[in-house]
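Input: a single structure, listed below in structure tokens.
The chains referred to below are lettered A, B, ... by the order of the sequence lines, with proteins before strands, and numbering in each begins at 1. What you are looking at is a predicted structure, and each value in this text was computed from that prediction instead of being measured.
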2 protein chains.
Amino acid sequence: MKENERVGSQPTIDDVARVAGVSRATAARVLGSYGYVGADTRKKVFAAAKKLAYQPNQLARSMATGRSKTIGVVIADIENLYFARAIRAITDTASAKGFAVILATTDEDIALEREAVRVLLSKRVDGLIVSPTSSIDVDHLKRARDGGCPLVLLDRRVPVLNADTFAIDNYGAAHQAVASLIAKGHQRIALVSNAPSHGEKEYLISSVRERIDGYRAALHDANIEIDPNLVVLGGWDIEKLAEKVRRLFDTPDRPSAVLATDSSVALVLLNVFRNLRLVIPDEVSLISFDDADWTAAVTPPLTVVSQPIRELAAAATEDLIARLTGETTETSRETLLQATLVVRDSVSTASAQQPSGKVKRPRKASK
Amino acid sequence: MKENERVGSQPTIDDVARVAGVSRATAARVLGSYGYVGADTRKKVFAAAKKLAYQPNQLARSMATGRSKTIGVVIADIENLYFARAIRAITDTASAKGFAVILATTDEDIALEREAVRVLLSKRVDGLIVSPTSSIDVDHLKRARDGGCPLVLLDRRVPVLNADTFAIDNYGAAHQAVASLIAKGHQRIALVSNAPSHGEKEYLISSVRERIDGYRAALHDANIEIDPNLVVLGGWDIEKLAEKVRRLFDTPDRPSAVLATDSSVALVLLNVFRNLRLVIPDEVSLISFDDADWTAAVTPPLTVVSQPIRELAAAATEDLIARLTGETTETSRETLLQATLVVRDSVSTASAQQPSGKVKRPRKASK
DNA sequence: TTGAAAGCGCTAACAA
DNA sequence: TTGTTAGCGCTTTCAA
């Protein structure tokens, strides 16, 4: 213990100034690297700072400048690999630019999302990256944005918010996937998602809505009649989803192919198919969104729609930080990245599939 | 725009006080819910606060109180499901207690870890949860702790730090897994990990070190000679690890069973085995740490060591917050949770395994 | 029960 | 080039 150090507490800029024999303002100038400072004054200050192991207090700095060098990230579920990758890209990009990341998780619960935004705002994050749970219930986001907190949307679009948006071309991706199925002769193609089924179409998160639209369009383009029963939505409830899927596939005129909107859904399907003793791709073909690391390791390796989520998230973060730094166009823009179909072995031509002992020809359909 | 609101800026407690017609101190008392305040004064203040949509500035509050209601989490890689689950449990637990979480990722790079700790400290987090990359290079952690920032270790132990630690009983878990393999008649059992191979044993992160110890002990207990070549370490490099594994298994006297220290390693093994056309469990048995969601979906379903990481992380967070709140014993303690072996179908009895056309080296032992 | 005033550690005019 | 000083928004003695 020496000089003016008080026990326990960290040294402040005043301590540094005193040890260096200069005024606080001067010390602040060299430590904050702004303004003019004489060469040897600077040296003295640095020496003092090192001697005291001075670490600037970001909190105080934030108070004074009004900027916290922190961004808030609001996302549904970090255990979902897709979001985990996003968060990883965000933290990497942010920390490379000197920003820290406060993470909040909502579990697709709008109340939690609202609360998360409130907390982040109270911590005075400089900006927000959010993947909104609802396309409708966005007042809290609007307020944040209007209150001066730059907002960037990731993965999901909310046009009314008029915010910079970074998303996948979900329509195109689904269209392409379904078209590839059709090209293989499939006609009865299902789409399975974890999203909520209740409420109006507008309530669906944009990614799922767009995938359904792409799915429909592809069928329509091929003059295949659309059977609404083939779109199954789970409402974020894995058990329920599994049950619905089981019912759909436990019939003679079951779909011959299915598109899963994310890898956790694919897992559910894999499970159901195993229980039903349906073999992929001989009896049912499968394409899933998300190139999760395990999709290539199962038997057979899964054909997937690979989404460039890392690039997307990195771009979103850079955009946000650019806005924070002021280097920005005023108008909000939307960035759409293309997904790519990674063909592996979970799709077969429909004609080669086993009708599993039943005659395929639909009779008077029994519901 | 009405009254004294300034454009853009958020209302402060002074605004509330003015609108309510009381002093700032009084307003602060009711908004911060401390001290004595008259019933109707309180009502007036609340009314004013609601009218202005007042949101307290946590930054300012932190400055004044010296506590930020934020904890820092330093972890290797969020894309690893194990850590993703940990982070999820941490954020859930923390936010339930009113704490936010700043996340930093190190990629097992000690320099990044040091930098992350520095940044978190400068943001004045109230406490730190870290899963240290090194058992040796921990000065930055020691300094943080000594500097008055409570520190809790997660998943990995560093005895010299003398910090509260929450970890799995890795020794026991590995011992049990290997013993179960031995009980099935396996003798040549490999252990494969992603951890770095260079340097001394002490450099290994504790989890892997302990698993290796448990593995050795189980072999030793069964009087099986230990072959150092059967422990392969990858150095966080997936490609290199795959190559090493390929070499190990592309020989006639390849191991008949293998223990993977995490699910990403299992993925590597699955890949290598597929290329080598080794079928599980007929030709090689596999047990992996981590009950990742996909492990039950592959063929065959994998026998795994399920680690209660969520419980562990939640307990760590609660412990940290308890320390922050002062309800704490002075001494540091260690919490060890048991892992459980989830038996599925990736292990067969050694005698049933195909020697893949080669004559098995004659051995006396057979129990 | 309330108010006045002194900080928390830093930045940023404004003077010197 | 450097120092003085007034905040940032809140908490918290100490008086009243």
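- For Asp164(B), the salt bridge (Lys or Arg N to Asp or Glu O under 4.0 Å) partners are Arg323(B), not counting sequence neighbours.
- Side chain to side chain, Thr133(B) and Glu108(B) meet the donor-acceptor criterion of an N or O pair below 3.5 Å.
- For residues 21-33 of chain B, the pairs satisfying side-chain hydrogen bond (donor to acceptor under 3.5 Å, both in side chains) are Asp14(B)-Arg24(B), Ser23(B)-Thr26(B), with sequence neighbours left out.
- Remark: Arg157(A) pairs with Glu210(A), Glu334(A) by the salt bridge (Lys or Arg N to Asp or Glu O under 4.0 Å) rule, at least two apart or across chains.
- At the phosphate of dG3(D), OP1 or OP2 sits under 4.0 Å from a side-chain N or O atom of Ser23(A).
- Applying the side chain to side chain contact (heavy atoms under 4.5 Å, CB included) rule to Arg143(B) yields the partners Asp139(B); only residues at least two apart in sequence or on another chain are considered.
- Rounded to whole Å, the distance from CG on Leu52(A) to C1' on dG9(C) is 15 Å.
- Axis angle across the helix from dT1(C)-dA16(D) to dA16(C)-dT1(D), with five pairs used at each end and values rounded to 10°: 40°.
- In this entry the distance linking CZ of Arg124(A) with C1' of dC8(D) reads 11 Å, nearest Å.
- Annotation: salt bridge (Lys or Arg N to Asp or Glu O under 4.0 Å) contacts of Glu115(A) (sequence neighbours excluded): Arg118(A).
- For the pair Leu59(B) CG and dG9(C) C1', the interatomic distance rounds to 12 Å; values are reported in whole Å.
- In this structure, CG of Asp14(B) is placed 7 Å from P of dC10(D), rounded to the nearest angstrom.
- Listed candidates were dG3(C), dT2(C), dG9(D). Nearest to the side chain of Val22(B) is dG3(C).
- Counting only residues at least two apart or on different chains, no salt bridge (charged side-chain N to carboxylate O under 4.0 Å, His left out) pair has a member in residues 55-69 of chain B.
- Summarising the geometry, the separation between CG on Leu121(B) and P on dG9(C) is reported as 15 Å, rounded to the nearest angstrom.
- Looking at residues two or more places apart in sequence or on another chain, you find a salt bridge (Lys or Arg N to Asp or Glu O under 4.0 Å) between Arg88(A) and Asp92(A), Asp77(B), Asp107(B).
- Whole-Å rounding puts the Tyr36(B) OH to dT13(D) C1' distance at 16 Å.
- Rounding to whole angstrom units, CD of residue Gln55(A) and P of dC10(C) are separated by 11 Å.
- Going from atom CE of Met63(B) over to atom P of dT12(D) covers 13 Å, rounded to whole Å.
- In summary, Lys43(B) and Asp40(B) do not engage in a salt bridge, as defined by a charged side-chain N under 4.0 Å from a carboxylate O.
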**Fill in**
Under a 4.0 Å heavy-atom criterion, the protein footprint on nucleotides 11-16 of chain C, written with B, S and -, is BBB---

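- Counting any heavy atom pair closer than 4.0 Å across all strands shown, Thr41(A) reaches sugar-phosphate atoms only and no base atom.
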